[in-house]
Each structure stands twice: as structure tokens, then as C-alpha cells.
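Just so it is clear, the structure is predicted and the values come from calculations on it, not from any experiment.
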Amino acid sequence: MAIQRKKITVVGAGFTGATTAFLAAQKELGDVVLLDIPQLENPTKGKALDMLEASPVQGFDSNIVGTSNYDDTANSDIVIITAGIARKPGMSRDDLVNTNAGIVRSVCDNVKRTSPNSIVIILSNPVDAMTYVAYEALGFPKERVIGQSGVLDTARYCTFIAQELNVSVEDVRGFVLGGHGDDMVPLVRYSNVGGIPIEKLIPADRIEAIVQRTRTGGGEIVNLLGNGSAYYAPAASLVQMAEAIIKDKKRIIPAIALLQGEYGYDNLFMGVPTLLGGEGIEKIFELELLPEEKTALDKSADSVRNVIKVVSA
Ligand SMILES: NC(=O)C1=CN([C@@H]2O[C@H](COP(=O)(O)OP(=O)(O)OC[C@H]3O[C@@H](n4cnc5c(N)ncnc54)[C@H](O)[C@@H]3O)[C@@H](O)[C@H]2O)C=CC1
Ligand SMILES: O=C([O-])CC(=O)C(=O)O
């Protein structure tokens with residue numbers, strides 16, 4: 001019997017979407033369909049063809065097509081949603097909420113029709129609220145609606161720790177809990193380098209500086225770019241999540257999940273450590289938090305709730 005390649009659709013062929021498509025193809029995760037609005041059909045086809053023409057040089061056999069027609073995305077295994085507007089200097093992610101909620105809803109109506117069995121990963125900001133919007137619009141089981149924030153936030157955190165100690169990023173472990181906003185919660189107590197707790201290696205004031213820089217890491221890039229937001233690290237993060245699902249790797253990865261009692265929150269989408277495998281979110285890990293950690297997480301949860309209120313009103 002012929003082996004069926006996996007099919008990955010990336011909705012939104014802008015900076016994050018195009019980069020994600022290329023990275024996913026380079027890793028041969030499956031065949032990639034890149035979709036944008038009809039007004040951008042030719043540029044989307046052009047980007048996809050350009051990527052495909054890199055395949056003999058890079059040595060990958062994934063197919064990549066560009067389209068504006070959801071029929072071409074039919075029966076995708078994974079759909080990654082990057083559609084929407086990005087912020088500019090002076091804006092918060094929450095300023096995007098109304099515009100992007102409309103876009104994510106309309107994208108999800110199409111995904112529901114054409115790829116009813118897919119696992120959907122949402123990137124569009126404000127991403128915790130957009131994951132809620134997608135969940136409502138798709139009507140899929142909660143395991144199959146996942147938001148991306150924790151891989152990226154953790155990657156930034158680990159980058160800064162590795163820089164501080166001048167050690168390999170490969171030996172740095174940690175993770176970030178909470179909403180994808182300036183009050184996210186990097187968990188210092190669970191962070192280590194080669195198994196050594198970072199509190200034994202980095203002075204407290206420097207750890208605090210790293211935590212703060214992580215929280216505002218997206219804004220740092222927005223200010224440097226001047227006309228858009230980060231896309232290389234976000235795309236790499238999406239591809240790590242897609243790979244965990246496609247290869248059923250059962251990785252422990254922080255992701256935005258629907259919380260129904262976990263950490264004391266009900267019906268809230270927020271970043272928590274999850275087990276990602278072939279079924280999507282196969283488990284949520286609930287850690288015991290110190291009172292100050294729980295207070296910080298409550299603050300982040302309140303911020304997420306306030307944004308979700310805007311889109312559920
Ligand atoms: N959750 C996270 O960690 C991150 C989230 N983001 C968010 O991802 C989103 C995309 O960012 P970029 O790719 O940099 O923006 P971009 O502006 O480069 O690309 C967005 C693309 O979406 C397309 N689009 C708009 N409406 C659409 C629709 N109805 N159907 C299909 N495509 C549609 C646009 O035409 C555009 O090509 C933004 O909301 C940004 O804030 C970006 C980085 C990290
Ligand atoms: O900062 C932004 O607007 C984009 C984003 O979510 C990030 O890079 O963390």
C-alpha cells in the first residue's frame with residue numbers, strides 16, 4: 001500500500017506563514033499548502049514555487065503549492081493559522097483583537113468544512129484569545145485546537161540564559177507559563193543548565209533581567225523591525241509543534257490549551273506544559289506552584305480573560 005504523505009496547510013502567506021511553510025518542507029514533515037486571500041493569490045503561488053525550486057539545492061522532496069482556494073487544502077492533517085495583522089511599534093498584541101478575531105473566524109469556517117479531522121495550531125495574535133475564537137468556530141475537540149506561544153517564549157528565555165552563561169543553548173532547559181503577554185511567567189525554579197538549577201549559576205538580579213527581557217521579547221523585535229513582528233523564531237516554534245504531532249513524538253512542550261479546572265482555571269485558553277503527540281494535546285501537566293508563582297499566573301490569566309471578554313461579548 002502506498003504511504004500517504006502528511007498534508008500541512010499554512011493559512012496566511014506573510015512573514016510567519018511563508019517561513020513556516022519553508023521550514024516544514026525543509027524538514028520533510030509532509031506536503032505543504034500555503035494559502036492567502038484571493039487578492040494575493042499570485043504572490044502566494046510565487047512564494048510557494050520559489051520555495052519548491054530550492055528543493056533540489058536543499059535536498060527535500062516535500063511538495064509546496066500556493067493557493068487562495070480552500071479546496072486545495074482539503075483533508076489536511078495539520079492546519080497552521082498565521083492569518084491576520086501584526087502589530088507595529090507602539091501597539092500591544094491586544095490592539096489586534098477585533099480585526100484578527102474576524103479573520104480567524106472566517107478561516108476556521110473554511111477549515112471546518114475542508115479539513116474536519118485536522119489538528120489546528122493558531123499563531124495569530126492575541127493568540128490566547130484567538131485560540132478561543134478558533135475553538136468556538138471550529139467546534140473540534142479541545143485536543144485538536146492548540147495555540148503557539150510557549151515554545152517561542154521559552155526559546156527566547158533559553159537564548160538569554162545561554163548568552164548570559166556563554167553555554168550551548170542545547171543544555172538550557174526551562175519553560176514559560178501563562179498568556180502570551182508582558183505578564184507571562186517564566187518559571188525560574190524549573191529552569192536548569194545541564195541539570196544545574198539556574199539559580200545556582202546566575203545572580204538573582206541578572207535572572208530578573210532575563211525574565212523581564214523574555215516577557216517583552218516580542219516587543220523588542222517589533223521595535224527593531226519597525227514595521228512588523230518576529231517571524232523566524234515563531235515559525236521555528238510552529239514547526240516544532242507540527243513535528244511533535246506528525247511524528248507522534250509525545251514531546252513535553254508548552255502550548256496554549258483549553259483549561260477546564262487545571263491550575264484552578266475554568267474555560268480559559270492559556271499556555272501550560274502539554275504532551276504533544278499524534279492526537280494533539282494528549283495531556284496537560286499540572287505543576288505545584290509557590291504562592292508567588294501562582295499570583296503571577298493569576299495576573300496573566302486575568303489579562304487573557306479580559307481579552308477573551310472582548311471577543312465573546
Ligand atoms: N503567537 C505568537 O507567538 C506570534 C504571533 N504572531 C502573529 O501572527 C500573525 C501573522 O504575523 P505575520 O506573518 O508577521 O504577518 P503578515 O502581515 O506578514 O502576514 C499575515 C498574512 O495573513 C494574510 N491574511 C489576512 N487575512 C487573511 C484571510 N482571511 N485568509 C488568509 N490569509 C489572510 C495576509 O494577507 C498576510 O499575508 C500576526 O497576528 C502576529 O501578531 C507573530 C509572531 C509570533
Ligand atoms: O510581538 C508580537 O507582536 C509578535 C509575537 O507575538 C512575538 O513575537 O512574540
Side-chain angles (χ1 to χ4, degrees), residues 11-12 14-17 80-108 120-138 145-157 175-186 211-231 233-235 237-238 241 254-259 263 265-272 295-313:
V11 184
F15 285 111
T16 57
I80 296 174
I81 301 179
T82 75
I85 54 169
R87 63 175 165 154
K88 296 189 167 64
M91 294 171 78
S92 87
R93 295 180 183 93
D94 299 348
D95 294 335
L96 313 172
V97 66
N98 286 318
T99 306
N100 284 354
I103 292 172
V104 169
R105 254 185 222 115
S106 79
V107 168
C108 288
V120 179
I121 307 176
I122 297 97
L123 187 80
S124 316
N125 269 321
V127 65
D128 303 276
M130 291 308 106
T131 309
Y132 162 81
V133 167
Y135 176 71
E136 294 277 297
L138 289 164
V145 187
I146 312 167
Q148 189 303 121
S149 67
V151 179
L152 174 63
D153 297 330
T154 301
R156 288 182 174 140
Y157 179 56
F175 63 86
V176 178
L177 275 181
H180 187 50
D182 293 353
D183 41 25
M184 65 180 74
V185 186
V211 165
Q212 281 312 327
R213 191 173 175 197
T214 301
R215 287 181 161 149
T216 55
E220 181 178 2
I221 305 275
V222 166
N223 288 334
L224 288 167
L225 292 180
N227 193 26
S229 51
Y231 50 102
S237 305
L238 287 168
M241 294 170 76
I256 298 166
L258 176 60
L259 303 180
Y263 292 92
Y265 306 121
D266 222 7
N267 282 323
L268 186 70
F269 275 93
M270 201 171 69
V272 288
T295 303
L297 194 60
D298 284 347
K299 185 168 175 239
S300 184
D302 282 345
S303 302
V304 173
R305 251 190 233 106
N306 286 335
V307 188
I308 290 182
K309 252 184 230 152
V310 176
V311 284
S312 55

Distance from Ser229 atom OG to Arg93 atom CZ, nearest 0.5 Å?
8.5 Å
Taking C-beta and beyond as the side chain, do Ile121 and Leu238 meet within less than 4.5 Å on heavy atoms?
yes
Residue pair Asn98 / Val310, side-chain heavy-atom distance below 4.5 Å
yes
What's the shortest heavy-atom distance between Met184 and Arg215, and which atoms?
O-NE, 2.7 Å
With Ser303, which residues qualify under side-chain hydrogen bond (donor to acceptor under 3.5 Å, both in side chains), at least two apart?
Asp183
Between Val222 and Met91, is any pair of side-chain heavy atoms under 4.5 Å apart?
no
Taking Asn100 for its side chain and Val97 for its backbone only, find out whether a donor-acceptor pair lies under 3.5 Å.
no
Asp266 and Leu259: side chain to side chain contact (heavy atoms under 4.5 Å, CB included), yes or no, with the steps?
CA-CA 6 Å; Asp266 222 7; Leu259 303 180; over 6 Å; no
Any donor-acceptor pair under 3.5 Å from Thr214 side chain to Arg156 backbone:
no
For Leu177 and Val272, work out which heavy atoms get closest and say how close.
CD2-CA, 3.8 Å
Do Tyr135 and Val120 come within less than 4.5 Å of each other through their side chains, counting heavy atoms only?
no
So how far is it from Thr99 OG1 to Asn125 CG, rounded to the nearest 0.5 Å?
12.5 Å
Do Thr82 side-chain atoms and Val11 backbone N/O form a donor-acceptor pair below 3.5 Å?
yes
Taking every non-hydrogen atom, the tightest pair across Ala233 and Leu152:
CB-CD1, 3.5 Å
Can you check side chain to side chain contact (heavy atoms under 4.5 Å, CB included) on Ile80 and Ile122, steps first, answer last?
CA-CA 6 Å; Ile80 296 174; Ile122 297 97; over 6 Å; no
Please identify each residue that fulfils side-chain hydrogen bond (donor to acceptor under 3.5 Å, both in side chains) with Glu220, with sequence neighbours left out.
Arg213
If the condition is side-chain hydrogen bond (donor to acceptor under 3.5 Å, both in side chains), which residues does Asp94 pass it with, not counting sequence neighbours?
none
When every non-hydrogen atom of Val304 is compared with those of Gly179, the smallest separation belongs to CG2-CA, 3.7 Å
Evaluate the side chain to side chain contact (heavy atoms under 4.5 Å, CB included) criterion for residues Lys88 and Asn227: first the C-alpha distance (whole Å), next the side-chain angles of each, then the deciding distance (0.1 Å), finally the verdict.
CA-CA 5 Å; Lys88 296 189 167 64; Asn227 193 26; 3.0 Å; yes
Atom of Pro234, atom of Thr16 and distance for their closest heavy-atom approach:
CB-CG2, 4.3 Å
Indicate every side-chain donor-acceptor pair of residues 126-133 with a distance under 3.5 Å to a residue at least two apart or in another chain.
unit_1	atom_1	unit_2	atom_2	d
Asp128	OD2	His180	N	2.8
Thr131	OG1	Val127	O	2.6

Backbone N/O of Val151 and side chain of Thr154: donor-acceptor pair under 3.5 Å:
no
Holding to ring-ring contact (aromatic ring centres under 6.0 Å, His included), I want the full list of residues that pass it with Tyr231, two or more places apart in sequence or in another chain.
Phe15
So CD1 of Ile85 and CG of Leu96: to nearest 0.5 Å the spacing works out to 5.0 Å
Qualifying residues under side-chain hydrogen bond (donor to acceptor under 3.5 Å, both in side chains), relative to Asp302, sequence neighbours excluded:
Arg305
I would like to know whether Ile81 and Leu123 meet side chain to side chain contact (heavy atoms under 4.5 Å, CB included); could you show each step before the answer?
CA-CA 6 Å; Ile81 301 179; Leu123 187 80; over 6 Å; no
Work out which heavy atom in Met270 is nearest to a heavy atom in Ala301; give both atom names and the distance.
SD-CA, 3.6 Å
